[in-house]
Protein chains: 2
Amino acid sequence: MDSQPPQSESLRERKRRETLARIAETGLQMFIDNGYDATTLEAIAAEAGISARTFFYYFKTKEEILQHFQGSGFYEALRPAILAVSPDQPPLEAVRDVLLGMVSRYETERSIVIDRLLRSNEALRARKQATFALMETTIFEALCEVWPQPERRDEHRMVAILSIGMMRLGMELWRQDGGKRRMADYVGDSFARLQSGV
Amino acid sequence: MDSQPPQSESLRERKRRETLARIAETGLQMFIDNGYDATTLEAIAAEAGISARTFFYYFKTKEEILQHFQGSGFYEALRPAILAVSPDQPPLEAVRDVLLGMVSRYETERSIVIDRLLRSNEALRARKQATFALMETTIFEALCEVWPQPERRDEHRMVAILSIGMMRLGMELWRQDGGKRRMADYVGDSFARLQSGV
DNA sequence: TTGTATTTTTACAGTGACTGTAATTTTTTG
DNA sequence: CAAAAAATTACAGTCACTGTAAAAATACAA
């Protein structure tokens, strides 16, 4: 109907965005319904109305479908959030606050379902751990920008490892507890316990 | 020459052990020479003098060749070492001492080469992180046996995460430093720094 | 030694993720 | 509208890995 496409997004861009989203949604739903391993690329492509080859034009791997959902929301926001932190507080507390904010946004139905998928398969579990390692690196590098003194680099590494560790601990305790309280509470408690002496 | 096989090991067992070792050694050497991805299973099998199908009679996956070397030495010794610890000292110090002992035994030429391989490939890096996660679980469970009070379980989780974190930190610092001092020194320093207040 | 059970090895025929290539269609742009 | 750029597809291939069933090697008992 509009003969003038909105300047902000061309037909091409819109189609691309829609196709990407359709593949991801279709894939995730099929994973949930039938399991990750049992869902073939061919089936996802067919369901999404594209050829199998085209799938790889949008995603490098099957796993990347899940990374798509992990990525959107958590990992990408980490670096900017830390860079925006006030350099007056101690780094560990700064990172703690950033992570608490992100964790509380993370606790959605979808994330929980995806997490269950990530636990269902050996390779996916490994990828999940790798994501944490990536977050550590991201935190470390961001801290080095906020507090750039070279003699603090080792401290930054330590803070990055401890932060991700406490986040993982909190997430695990939350899971163990069946989600009675908010995930962020458990993460906050873990940080508190860490700081109250090891 | 001996018509009597030694009771301890039958022909079958010896051959099996030898074939397993031959596949692993051949595979590792070919990975080192030509890279992990560029080395096909078929090539390893051919070099080891077996059929491709027989490879999978010994290893479930190609990755398992590397796990074979990781496993022998580190992961398997972890649980018994912690179970043998004196319950008088604090858990964190106990685990620290265990890890320091294992790390000093770990720092061999072969381990370093394997570590380089594990860094060369995305999936392998992920597996490496997964191994650390597995060690955390092993430590946690062992601690729960040594100090079985239910109210200490969360503490044990914390100790497991912190220990593996400090070990990883030490290993990383050692690598960054080009191995001037022993790896165990860096790990020990990391633990010390952790305990001297976060 | 011989026969029989068990284990190991192999060939063969798949499946499924992923890649390279080159042709075709769709969208953009001048 | 024509030419460039991007998206889609078919097709053929590689490689890790699996299922199956038969053959070979080893163990064991009579």
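Fair warning: this is a prediction, and the values are worked out from it, not measured in the lab. All chains are named by letter (A, B, ...) in the order of the sequence lines, taking the proteins before the strands, and each is independently numbered beginning at 1.
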Electrostatic pair A/Asp115-A/Arg119, nearest N-O below 4.0 angstrom: yes
hydrophobic_cluster_shared for A/Val98 and A/Met171, side chain cutoff 4.5 Å: yes
Under 3.5 Å side-chain donor-acceptor pair for A/Glu172 and A/Gln176: yes
C/dT9 phosphate, OP1 or OP2, under 4.0 Å from B/Thr54 side-chain N/O: no
Shortest side-chain distance from A/Phe56, nucleotide among C/dC18, C/dT9, C/dT7: C/dC18
For atom CD of A/Glu42 and atom P of C/dA17, their distance in whole Å: 8 Å
Upstream residue (5' side of DNA chain C) when A/Phe55 and A/Lys15 are each assigned their closest nucleotide: A/Phe55
Any A/Tyr57 side-chain N or O less than 4.0 Å from OP1/OP2 of D/dA7: yes
Listed nucleotide nearest any side-chain atom of B/Arg53, set D/dC17, C/dT8, C/dT10: C/dT10
Rounded interatomic separation in angstrom, taking CD from B/Glu13 and P from C/dT7: 12 Å
Distance in angstrom units between A/Asp37 CG and D/dT18 P, rounded: 11 Å
A/Ala52 or A/Arg12, whichever maps to the more 5' nucleotide of DNA chain D: A/Arg12
Presence of A/Ser51 side-chain N/O under 4.0 Å of D/dT8 phosphate oxygens OP1/OP2: no
Out of C/dC12, D/dC17, D/dC15, whichever nucleotide has its closest atom nearest the side chain of B/Leu41: D/dC17
Among C/dT8, D/dC17, C/dT10, the nucleotide that comes nearest once only the side chain of B/Ile50 is considered: C/dT10
Plane angle bin for B/Trp147 and B/His156 - parallel if under 30°, tilted between 30 and 60°, otherwise perpendicular: tilted
Length of the line joining A/Leu20:CG and D/dA6:P, which is rounded to integer Å: 18 Å
Nucleotide C/dT27, atom C1' - distance to CD of A/Glu18 in whole Å: 15 Å
Cationic tip of B/Lys62 above B/Tyr36 ring, under 6.0 Å, 45° of axis: yes
Nearest-Å distance for atom pair NZ/P, residues B/Lys62 and C/dC18: 14 Å
Length of the line joining B/Tyr58:OH and D/dC17:P, which is rounded to integer Å: 18 Å
Among D/dA7, D/dT8, C/dA11, the one nearest A/Arg16 by side-chain distance: D/dA7
For atom CZ of A/Phe59 and atom C1' of C/dT19, their distance in whole Å: 18 Å
